[in-house]
Peer 1: 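Sending over a structure as structure tokens; questions will come in a sec.
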Amino acid sequence: MSELRLSSEKRLRIFTGRGYPELAEDVAAELGIPITPTSAYDFANGEIFVRFEESVRGSDAFVIQSHAAPVNKQIMEQLIMVDALKRASAKRITVVAPFYGYARQDKKHRGREPISARLMADLFKTAGADRLMVVDLHTSQIQGFFDGPVDHLFALPLLTNYVGSKVDRSRLTIVSPDSGRVRVAERWSDMLGGVPIAFIHKTRDPRIPNESVTGRVVGDVKGQTCVVIDDMIDTAGTITKAVDALFEEGASEVIVAATHAVLSGPAVERLKASRVSEVVVTNTLPIPEESKFDRLTILSIAPLLGRAIREVFEDGSVTSLFDGHS
Ligand code: R5P
């Protein structure tokens with residue numbers, strides 16, 4: 001009778017939905033492994049079907065899907081993939097959402113509103129996710145919405161290395177586009193050797209999505225090269241109003257740096273029409289060719305995701321990737 005060999009070794013597997021397979025390919029290349037073949041298609045009424053073409057039993061599964069438009073479809077597909085992995089006996093399932101959808105709905109601004117960022121976390125948990133991996137959540141406390149480990153990765157080192165290599169730090173001011181992001185501006189300042197910060201006092205009408213009212217600049221930006229930082233550029237209303245306000249206050253140059261290039265509706269036209277000298281983003285979301293323009297710089301998030309996935313798989317330290325900025 002042949003000897004029965006027992007192995008508790010888990011196998012790293014990368015899966016991708018159809019939202020942004022190119023990013024998953026780049027992450028897989030960083031890890032030096034192929035993406036596990038998956039069939040996925042839509043039924044006539046829009047329902048999604050998914051099946052893995054190989055056994056996934058016992059695997060340490062990382063399901064990559066950025067919540068790009070159409071957001072609800074990408075989320076549903078990722079949920080269905082997690083469900084399929086759970087039912088096929090994957091050992092551990094990590095949802096990798098470089099851009100986590102609904103993150104801006106993280107609290108009730110008024111009565112009778114949802115907390116959709118929490119609902120998202122519950123949906124992934126119910127589907128079978130053991131952990132989440134995300135990049136630059138809208139607010140850090142969303143980590144607590146998921147009942148399990150959350151690897152919250154930061155694009156900060158990637159963005160500050162790039163910006164720091166291009167600007168004269170003696171004339172640099174980091175600008176938060178609202179008071180809520182001042183803490184992040186302080187981290188930027190730390191990373192760039194203690195440069196000054198400023199912020200824009202912004203008020204928003206919560207009844208009108210994507211509409212912000214830019215107020216006054218708090219801080220001295222006269223003659224400065226300003227870097228406006230944000231987690232995302234959606235319609236670019238926030239950022240272009242900030243750029244205008246900074247020039248009005250005497251800034252000599254304005255650069256924009258944001259992690260997630262949502263770039264909905266009028267965003268590209270607004271950015272092209274603005275006096276911003278460079279818009280620096282990462283590729284947590286797909287950026288179609290028609291949305292690219294001369295002053296847009298896209299930095300790859302794939303090496304960071306690859307390193308984080310390796311650390312999780314090898315039971316290493318994700319915190320070590322950020323020099324204490326956890
Ligand atoms: C707001 O709190 C966010 O951090 C972004 O500033 C905002 O969602 C960007 O949206 P938009 O580009 O449409 O102004």
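As a basis for the values below, the full set of heavy atoms in this structure was taken, side chains included, without hydrogen atoms, waters or symmetry mates. Computed from a predicted model, the values in this text were never measured in an experiment. Both counts, for ligands and for their atoms, begin at 1 and track the order of listing.
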Peer 1: Could you check whether any side-chain N or O of H260 sits under 3.5 Å from a backbone N or O of M232, counting only pairs where one atom can act as donor and the other as acceptor?
Peer 2: no
Peer 1: Out of V256, T240, L296, which residue meets the side-chain contact (heavy atoms from CB on, under 4.5 Å) rule with L271?
Peer 2: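 Result: among V256, T240, L296, T240 is the only option passing the side-chain contact (heavy atoms from CB on, under 4.5 Å) with L271.
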Peer 1: Taking 4.0 angstrom as the limit and counting only heavy atoms of T235, give me the atoms of ligand 1 inside it, by number and element.
Peer 2: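 So the answer, numbered in order with elements, is 11 (P), 12 (O), 13 (O), 14 (O).
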Peer 1: Purely on distance, is any nitrogen or oxygen of M232 under 3.5 Å from one on ligand 1?
Peer 2: no
Peer 1: How does D230 reach ligand 1, by side chain, by backbone, by both or by neither, if only non-hydrogen atoms under 4.0 Å count?
Peer 2: side chain
Peer 1: Is there a donor-acceptor contact under 3.5 Å linking the side chains of Y20 and E25?
Peer 2: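 No pair is found: no donor N or O on one side chain lies under 3.5 Å from an acceptor on the other.
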Peer 1: Taking side chain as C-beta onward, heavy atoms only, is V268 less than 4.5 Å from K272?
Peer 2: yes
Peer 1: Parallel, tilted or perpendicular: which describes the rings of Y41 and F43, with under 30° parallel and over 60° perpendicular?
Peer 2: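 Geometry flag for F43 against Y41: perpendicular rings.
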Peer 1: Run the numbers for me: atoms of ligand 1, each under 4.0 Å from some heavy atom of H138, listed by number.
Peer 2: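 Matching atoms, with element in brackets: 1 (C), 2 (O), 3 (C), 4 (O).
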Peer 1: For ligand 1, which atoms, with element, lie under 4.0 Å from some heavy atom of A236?
Peer 2: 11 (P), 12 (O), 13 (O)
Peer 1: Determine, using heavy atoms of P177 and all atoms of ligand 1, whether some pair is separated by less than 4.0 Å.
Peer 2: no
Peer 1: Please compare I233, D231, T238 and report which has the shortest non-hydrogen distance to atom 3 (C) of ligand 1.
Peer 2: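 Comparing heavy atoms across I233, D231, T238, the nearest one to atom 3 (C) of ligand 1 lies in D231.
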Peer 1: Examine distances only and state if a side-chain atom of Q224 and a backbone atom of R171 form a donor-acceptor pair shorter than 3.5 Å.
Peer 2: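 Yes, because the side chain of Q224 sits within donor-acceptor range (under 3.5 Å) of the backbone of R171.
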Peer 1: State the atoms of ligand 1, each with its element, that fall below the 4.0 Å cut-off from a heavy-atom position in R104.
Peer 2: 8 (O), 10 (O)
